[in-house]
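All heavy atoms count here, side chains included; hydrogens, waters and symmetry mates do not. The chains referred to below are lettered A, B, ... by the order of the sequence lines, with proteins before strands, and numbering in each begins at 1.
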Amino acid sequence: MLLVVDSLVKRFGGLVATDNVTLAVPAGQIHAIIGPNGAGKTTLLSQLAGELRSDAGTIHFDGEDITALPAHIRAARGLARSFQINSVFKDFTALENVALAIQVHEGHCFRFWGQVAKDAALQSAALGFLAQVNLEERANIIAANLAYGERRALEVAIALASRPKLLLLDEPTSGMGANESAEIVTLLAKLKRTLTILLIEHDMNAVFALADRITVLVYGRTVAAGSPEEIRANTDVRRAYLGEDEDF
Amino acid sequence: MNINIFFLLEQLLNGVQFGVMLFLISAGLTLVFGIMNLINLAHGVLYMLGAYICASVIQASGSFLVGVAAAIVGSLAAGIVIELVTFRPLYRRTHLDQVLVTFGLTLFFNELVRIIWGPTALYAAVPAALSGQIDILPGAPYPTYRLVIIGTGILAAVFLYALVSYTRIGMLIRAGASNRVMVEALGVNIKLLYTFIFGLGAALAALAGALAGPILAIESGMGNGMLILALVVIVIGGIGSIRGAFIASILVGTVDTLGRTMLRPLFATFLSQATADQAGPAIASMLIYLLMAFILFFRPQGLFPPRIR
Amino acid sequence: MQSRTVVAAVIFTALALVPSVATALNQSFYIDVGIRILIFAIAALSLDLILGYGGMVSFGHAAFLGIGAYAVGILAYFGVHNGLAQFVAAIVVSTLAALFIGAVSVRTTGVYFIMTTLAFGQMLYFLAVSMSKFGGDDGMNISSTSDFGGWLDLHNPIVLYYTCFCFLLGFAVFSDRLVGSRFGMVLRAIHMNEQRAVAIGVGSFRYKLTAFVISGAMCGVSGALLANQALFVSPAIMHWTRSGEILIMVILGGIGTLFGPIIGAVVYLLLESTLSRITEHWEIILGPFLIIVVLFAHRGMLGWIAERRRAPTK
Amino acid sequence: MNGKLLAALSALCLMSSTSYGADTVKIGLITTLSGPGGVMGRNHRDGANLALEQLGGKIGNLKGEIIYADDEQKPDVGRQAAEQMVKQDKVDFVTGVIFSNVLLALYRPVIDSGAIMVGASGGPHEVAGEMCSPNFFSASWQNDQAPEAMGKYMTDQKIQSVFLMAPNFAAGRDMLAGFKRYYKGKIVAELYTNLNQPDYQAELSQIRFAKPKAVFVFYPGGLGIQFIKQYAQAGLQKDFPLYSVYTQNETTLPAIGAAANGNFETGFWSPDLKNPANVAFVKAFRAKYGYMPADYAASSYDAVNLIDSAVKAVNGDLSDKKGMIAAIKQAKIHSVRGDLKFNNNHFPIENFYLFKIVKAADGSYIRKEESVVLANHGDSYASKCPMK
């Protein structure tokens, strides 16, 4: 198991945002987390990434207990995340965004003289990641000037560029048109062989197309977990959540 | 030096008097900062204007009370004009922009005062009725005027407390300090509320200036030093909190006063006199900044942070 | 050539010509003015590095100016005039001070960072006031300029001018390289979006602290140079209003442009010296000028050259 | 093209800096015109102006011009002002300077430039001793002298114990050192306050608890107004008589008035001195400026007259520094203080008087001459000055 989450709890005052969540993700799989709004999905992701401290429970990653580690150390160990709301470095070009992630992953950031812009190896590696998300044409555009869908794609490229063992994706297709969504789904399917992914997603077509395993969260609690087929068949899930969903 | 309990009490009183002055200045600063999210370095200007206006009016009218009233009205007017002209566009700018614009205002007003009233310092007289001393304890006379300052400051604190706790405006102020969006959502005329709060702060600073006039030299730039201390006070007290500002003011006032008078003899008890003469005043002058760093280290939001930001 | 390179070339060529022009006009006083401008340009440049690229509004930067100046002054007081020793001391002490101040203040953000740096600045100011051995409030005279064994006579204004010029040029080139380097990219990334930077594995504290220390050390050097120009140092050098002036220079020139603050220093000090000759009430002009620049010329006077840094070459 | 630019630039600069012929004597007057020290600076300026006016606008038959600068009571500002004066304005003489710390800061650049300086107020011991220079004269006093007189007087009066207070800067420390040199009683405490401290209440509380027989202070100008008003407000006046130097004088008496009635000061001059030069000076000064001159106006007036005597002696040859220095050393003026001689260190040898603050016929308070405490008194540092 690459990621083992055991009885994780997060409270905000009286509100329990994640309530004894337990899950395990083996290497090489895509694990989706679904649930209605306010189910605690993003909170869980922030706990895994280390931005939020957990009140109880443990997180093991790659065999190590990372529950107490700060976010940037977890990232350095191979846990990358994307954000639901576009969160790129908006004054950098697309290329610079990706190059930054690469150099941070390489760990050579206390260099004060050599120019990133003239670092051919770095530039071509960054272009490679941009190509994966079909952005190589837009490499020199300032991120703030990219189209919305392009920025979502860039978000994924940044996450990929830190060569993570586990990718935490927070609704990678949110706000995208059907065509753009499809592109992302294709990309993730392509990555599936090489990468482990924990995916939060609203688009059920995407989830069922990609996921090896699905966990359903409602009000912070796990109401069901299993293969896509099992979830599809689960009556609890139908009643609690999926029943109303037209896509289903 | 001969230290006894009466001496300590008198120094505590001196500290409280200084603290009360700081409170009058900090109260407005912390409200403006907490509610409008605006750092106002020009707040010291209002203190200075209060002192100048009061001294001039005393000279013209011969009445201390008229002078104080004129100072409050005058600074209030100046404060409202400043708010309308320069602050309205500033509320949504960064703290850095606010720091610079209000620093510019400070330069402008300090110089304006020099042009109007001349470069040399002015002096106001203590009103005759208050120029004596009162025995606070048998055989321990204390200047009446300073007792009046303490009384006025405490009255102002009680007034503010009542205003904030029991009135509709107070409710809006409290709500504004913790959650601005909510107040705006309530459909309150937020601009009017801002102007009111700013005016209130200006009036209190002017009151402090008017009261300081008969003790201190009234000069251009007299607000600068007080401003920095007031900033320290509101950061220690928790930005936006009147209660925090009051407690922090008294704390800063007494720590500074006791540090100045007690540290040297205290050090002399375990260090050589020469070392104590050196180290005492040195530590004393840094004491409140050390206090602030210390408090911020343990409570990064100050002693009484507003609950939600 | 990019326009910012052109601007930089123009600035430095103009600055390089000052001594010749002043000498031609028989107004050697302007060399002194020029030296002060260069020194404050270094201080402003150092502040822009953390302000413009790291988002750290230090309101106590004059403390490093003072540390550098006092390092020279105190060593001279004890008879150590060796320039190397003095400058090394200035750099080492300001580095250590920046390390300490930074370690505490860099953890805070926003207004708390402003206030914490201000508090440390005030502490050092009062420390200087109470050092009666070194003049306390009165300040101390420095008996002679730093001694560089005869090959650099800082007592000669023209030599001092070009020494300051070389330091400024060196620091400007270094800073320019730095913001485009791997370190600089990380620093700017933290400034733009700290949460995102952390998520890709950046421990922001050490980068911000490193930048703060580099900036403090640079400012310390400008302090050592200032001690050589004035041959006098007093606590006033680290008063909070001095920190405010350095901030003003950065804003006037344009935040995050590196060359802007140099122009900011030129403009501010020239305004000061010319306006103060015209009227003693020159601050009544400076105040509104500052307000107008901040409110209406948001990117500073040189904002227009702050075109996107380094659009990568095709 | 470069040449054209240069020519245009130089034309511009020539226009902005007014050019003078060699027939103008330029005197730079650096003093404190703003803040609490401003009342003293005003005396400096008006005293110098009156002297120049009485000389018909001429310094030694050449046109005289006084250039002013405000040092804001800050050493660094004073130093910068002095550098600008000697380098840009190229003044021949520098005078003024209220505060000793400002003088210490600007002393070197002025002396090194070759200008002749005639100080009109603060006289720090460094300048009277090791740092003395042929180019520097003091038309006023060395700091220790007046407090020495007070120390002697209080010893003679058998005042057994005294509490000392002064601001913590060069002159403050000199003043208390001078006092202690001549005072033989018990020093209860020696307290230095921060120079920029506005409120002395905490220190005044200390005086009450220390129970001295008397208090001796030095708080010049505006600081003195603050101090004495607060002293009176605290009710200390009746239990602890106040003695002072450069504190209760014509700069502060209008503001403190009755609070100082009956107190004592020592000093080299007061408007009450009866010598003819002084009577005429005080009369002219009051007529012109409408207020009573203080020590600073007197020394500033003398300083300009000394400069005039120097330029006269060399017949307007301003390059003859040696001649001018020798002429000033002669002190051939009718000083408003009466007899004036210069010591080997170019500081004055003069009388120090005891003054009592009394109410004059017109209702104002003045310093009335009581007696001479130290006659023809030189300072204690002259022997440390290598000049003969």
Inset, instruction - Could you tell me which portion of L122(A) (side chain, backbone, both or neither) has an atom closer than 4.5 angstrom to a non-hydrogen atom of chain C? - result: side chain
Inset, instruction - Identify, with sequence neighbours excluded, every residue that meets ring pair (Phe, Tyr, Trp, His ring centres under 6.0 Å) alongside Y162(C). - result: none
Inset, instruction - Taking atom types as modelled, find out whether T18(A) and Q47(A) have a side-chain donor-acceptor pair closer than 3.5 angstrom. - result: yes
Legend entry - Largest heavy-atom contact set with chain C, pairs under 4.5 Å, which of S162(A), G114(A), S82(A), A71(A): G114(A)
Legend entry - Close contacts, residues 150-161 of chain A versus chain C, judged by heavy atoms under 4.5 Å: E155(A), I158(A), A159(A)
Legend entry - Segment of D119(A) engaging chain C (4.5 angstrom heavy-atom cut-off): side chain
Legend entry - Atom group of F92(A) that falls short of 4.5 Å from chain C, counting heavy atoms: both
Inset, instruction - Quick one: list whatever passes salt bridge (charged side-chain N to carboxylate O under 4.0 Å, His left out) with K192(A), sequence neighbours left out. - result: D212(A)
Inset, instruction - Go through the side-chain N and O atoms of S87(A) and N193(C) and say whether any donor and acceptor fall under 3.5 Å apart. - result: yes
Legend entry - I214(C), part contacting chain A, at a heavy-atom distance under 4.5 Å: side chain
Inset, instruction - Compare every heavy atom of L127(A) with every heavy atom of A139(A), then report the nearest pair and how far apart it is. - result: CB-CD2, 3.7 Å
Legend entry - Contact origin within E51(A) toward chain C - heavy atom pairs under 4.5 Å: side chain
Inset, instruction - Find the one option among A189(C), A197(C), G184(C), S204(C) whose heavy-atom pairs under 4.5 Å with chain A are most numerous. - result: A189(C)
Inset, instruction - Examine whether an atom of A49(A) lies under 4.5 Å from a heavy atom of chain C, and if so say whether it belongs to the side chain, the backbone or both; otherwise answer neither. - result: neither
Inset, instruction - Could you pull out the closest heavy-atom pair between V16(A) and R11(A), with the gap in Å? - result: CG2-CG, 4.2 Å
Inset, instruction - Classify the ring geometry between F212(C) and H61(C) as parallel (under 30°), tilted (30 to 60°) or perpendicular (over 60°). - result: perpendicular
Inset, instruction - List in chain and number order the residues that pass salt bridge (charged side-chain N to carboxylate O under 4.0 Å, His left out) with K165(A), two or more places apart in sequence or in another chain; answer none if no residue qualifies. - result: D62(A)
Inset, instruction - Determine whether the side chains of E201(A) and T173(A) contain a donor N or O and an acceptor N or O closer than 3.5 Å. - result: yes
Legend entry - Heavy atoms from other residues, nucleotides or ligands near CZ of F110(A) exceed 12 (cutoff 6.0 Å): yes
